[in-house]
Amino acid sequence: MDENILSYLKFDEKGLICAVVQDMEGKVLMVGYMNREAIEKTLKTGKMHYWSRSRKKLWLKGETSGNYQFVNEIYIDCDGDAILFKVNQKGGACHKGYYSCFFRKYKDGKIEIVEKKIFDPEKVYKNGSEI
């Protein structure tokens with residue numbers, strides 16, 4: 001079966017689809033957006049590519065930091081409007097220096113940081129290129 005994954009996906013009015021990214025143990029690392037080109041490059045290279053809504057450009061996760069995401073599995077939700085990638089994460093997924101972008105926990109009316117930084121973003125992102 002060699003079906004085109006793009007035929008299953010429903011992009012929004014801006015040509016984007018929500019991408020949820022988990023490590024292979026199931027921890028959610030980040031949520032991003034992808035356009036057709038990002039999906040095609042991800043499939044071709046095996047490394048996660050995204051569309052930056054703020055910078056309005058395609059980017060390869062890890063192109064500045066070296067914190068690449070290597071694709072292992074891909075799932076499409078029932079409506080076709082979100083896609084889930086299970087990846088091997090090299091280093092941290094979060095541009096703030098954490099393994100996961102979900103490093104804050106809300107409990108009992110308070111927000112607490114529940115992860116330790118694994119890299120210094122000021123040393124890695126000298127020009128803000130992956131933020």
Identify the two heavy atoms, one from [X] and one from [Y], that lie closest to each other, and give their separation to 0.1 Å.
X: Val124; Y: Thr64; answer: O-CG2, 3.7 Å
X: His95; Y: Tyr125; answer: O-CE1, 3.4 Å
X: Phe119; Y: Gly92; answer: CE2-CA, 3.9 Å
X: Cys101; Y: Ala93; answer: SG-O, 4.1 Å

CA sep, side-chain torsions, deciding dist, call: Met30, Ser100, side-chain contact (heavy atoms from CB on, under 4.5 Å): CA-CA 6 Å; Met30 62 180 281; Ser100 169; over 6 Å; no
Asp77: partners by side-chain hydrogen bond (donor to acceptor under 3.5 Å, both in side chains), with sequence neighbours left out: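 With neighbours one apart ignored, the set is empty.
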Any donor-acceptor N or O pair under 3.5 Å, side chains Asn88, Tyr68: no
Ring geometry between Phe103 and Tyr98 (parallel below 30°, tilted from 30 to 60°, perpendicular above 60°): parallel
Test log, rule side-chain contact (heavy atoms from CB on, under 4.5 Å), inputs Phe102 and Val31: CA-CA 9 Å; Phe102 295 92; Val31 175; 3.9 Å; yes
Pair Lys27 + Glu115, salt bridge at N-O below 4.0 Å: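 Result for this pair is yes, salt bridge flagged.
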Donor-acceptor contacts, no H, no angles, side chain residues 9-22, under 3.5 Å, sequence neighbours left out:
unit_1, atom_1, unit_2, atom_2, d
Lys10, NZ, Asp79, O, 3.3
Asp12, OD1, Lys14, N, 2.8
Asp12, OD1, Gly15, N, 3.1
Asp12, OD1, Leu16, N, 2.9
Gln22, NE2, Gly26, O, 3.3

Glu122 CD: over 12 foreign heavy atoms closer than 6.0 Å: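 Not buried by this count: 12 neighbours or fewer within 6.0 Å.
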Taking distance alone, no hydrogens or angles, what donor-acceptor pairs closer than 3.5 Å link side-chain atoms of residues 38-51 to residues at least two apart or in another chain?
unit_1, atom_1, unit_2, atom_2, d
Thr42, OG1, Ala38, O, 2.8
Thr42, OG1, His49, N, 2.9
Thr45, OG1, Lys41, O, 2.8
Thr45, OG1, Lys47, N, 3.1
Thr45, OG1, Lys47, O, 3.3
His49, ND1, Lys47, O, 2.9
Tyr50, OH, Gln69, OE1, 2.6

